[in-house]
Amino acid sequence: MTKPDLRSQTQEEIRRQFQLWQEPAYRVTQLLQWLYARRAAHWGEMTNLPKSLRQRLTETYTLSWPELALRQGARDTTQKFLWRLADGALIESVLIPASPSLYGESSDRHTLCVSTQVGCAYGCKFCASGLDGWKRHLGAEEIINQVLAVERTENGRGRWINNLVIMGMGEPLANYDNLLKALRILNAPWGGQMGARKITVSTSGLAPQIRRLADEPQQFRLAVSLHGATDETRARLMPINKKYPLKELAAACAYYQQKKGRMITLEYILIAGVNDGLDQAPPLAKLALGLRAKVNLIPYNQVEGLPWVRPEEPAQEAFLAALERCKVRATLRREKGGEIDAACGQLRLKTERQGANVA
Ligand code: SAH
Ligand code: SF4
């Protein structure tokens, strides 16, 4: 049997194991401190645990830690982290510093975007993450470790990442059990101590799993990648729309909204000549108003080898204005520096395809 990773275990699971070993309860607290507050990368760091206990732990569990393969971006802008996992797989996390214009000058907000799978099976036509298909799910610890490893490289004290978006490579709700375990651990007072309201899960629209997430006790935020406001336009971009057409997706979103009483975000990438026509604005407005959702317009980040392009700024502004005329709460991402801001999945794709020697 393969050993579980220690960071995929809940406090309760560790407590039960320690009871079997007849270890005193305070050892559980010490261990959790090493795992989450001190972000230990190796067993050897856990200096206040007796050698005999450390020995037992190494026999029973793994303690994986991602290796930083590449880092891109300056300290005050968006930074990308490319991680190499134990089996050599590459995944990305993106750190987005507070934007004073959005959150106020005194904001101390650090947002991290994490991956949930290696590759993606959903094959959205515009996305780099799915271009080479799906390789595997990430374990709960591999999701959690992205937060801890970024904090460790940034030398943050206490909980430094205070906003988490599950929008990196992969479809989070297709890896439901590992995702939820990771989020519960990140949310727990004994673990990551991160508020559920500070965690946003983005999905391409897996309707049954949206309902399942709605039934969870935690108040995670939900973002839905829409990218088309009619079945025809959406299906051109997202194969999943055939399985869960807009009507079914909207019903699942309404269920989420009702259960949680929180505002959902509809993400809408603007792609020139594909979904930026003003004919999409009224159906999009209708959907958003019906769900009391806000719309986040994102100018497309071009992906090498794909034909899609970002619309010119006037077209982006016109689309935003059309939504606002319908009284929809909408924002348009206007920041520059598209190369680094490029969506998750692109850095990995480039690295894998070039067979680049990243160290
Ligand atoms: N699989 C999930 C989460 C990962 S993708 C989902 O699809 O929602 C996170 C977001 O990035 C999605 O809204 C996705 O559509 C968007 N995205 C993917 N490629 C992009 C690109 N090249 N430019 C802009 N946004 C992109
Ligand atoms: Fe997968 Fe999301 Fe990319 Fe679609 S947009 S291929 S679901 S990661």
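For ligands, and for the atoms within them, numbers begin at 1 and follow the listed sequence.
Both the backbone and the side chain of Glu171 come within 4.0 Å of ligand 1, counting heavy atoms alone. Contact annotation for Met169 and ligand 1: no heavy atom of the residue comes within less than 4.0 Å of the ligand. With a heavy-atom cut-off of 4.0 Å, Ile269 touches ligand 1 through its side chain alone. Under 4.0 angstrom from ligand 2, the non-hydrogen atoms of Ser204 all belong to its side chain. Contact annotation for Thr203 and ligand 1: only backbone heavy atoms (N, CA, C, O) come within less than 4.0 Å of the ligand. For Tyr122, no heavy-atom contact with ligand 1 is shorter than 4.0 Å.
Assignment of Gly170 to the shell around ligand 2 is supported, since a heavy atom sits closer than 4.0 Å.
Set against the non-hydrogen atoms of Ser202, the atoms of ligand 1 under 4.0 Å away are 2 (C), 3 (C), 6 (C), 8 (O). Ligand-side atoms of ligand 1 in range of His227: 13 (O), 14 (C), 15 (O), range being under 4.0 angstrom from any heavy atom. Within ligand 1, the atoms closer than 4.0 Å to a non-hydrogen atom of Val303 are 22 (N), numbered from 1 in the order shown. Contact atoms of ligand 1 toward Ser204: 6 (C), 7 (O), 8 (O) (distance under 4.0 Å to a heavy atom of the residue). In the vicinity of Glu267, heavy-atom distances shorter than 4.0 Å reach the ligand 1 atoms 13 (O). Residue-ligand proximity, Tyr122 to ligand 2, at heavy-atom distances under 4.0 Å covers atoms 7 (S).
For Ser225 against Glu267, the heavy-atom pair with the smallest separation is OG-OE1, 3.5 Å. Residue Leu173 comes nearest to Leu179 through the heavy atom pair CD2-CD2, 4.1 Å, listed as atom of the first residue, atom of the second, then distance.
Taking the six-membered ring for Trp and thresholds of 30 and 60 degrees, Tyr61 and Trp21 have ring planes more than 60 degrees apart, a perpendicular arrangement.
Some N or O of Gly170 is nearer than 3.5 Å to an N or O of ligand 1, by distance alone.
No donor-acceptor contact under 3.5 angstrom links the side chains of Gln17 and Thr60, judged on distance only. There is a side-chain donor-acceptor pair under 3.5 Å between Thr62 and Asp5. Asp276 and Tyr268 share no side-chain donor-acceptor pair at under 3.5 Å. In this model, a donor atom of one side chain and an acceptor atom of the other lie less than 3.5 Å apart for Trp34 and Asn48. Between the side chains of Gln219 and Arg262, no donor-acceptor pair of N or O atoms lies under 3.5 Å. Side-chain contact of Asn301 with Arg310: a donor-acceptor pair under 3.5 Å is present, judged by distance alone.
Remark: Arg211 is positioned above the aromatic ring of Tyr255, its terminal NZ or CZ atom under 6.0 angstrom from the ring centre and at most 45 degrees off the axis.
Regarding atom 1 (Fe) of ligand 2, its nearest protein heavy-atom neighbour is Cys120 SG, 2.3 Å. For atom 3 (Fe) of ligand 2, the closest heavy atom belonging to the protein is Cys127 SG, 2.4 Å. In this structure, atom 6 (S) of ligand 2 lies nearest to the protein heavy atom Cys124 N, 3.4 Å.
Side-chain N or O atoms of Asn187 include none that pairs as donor or acceptor with a backbone N or O of Gln193 at under 3.5 Å.
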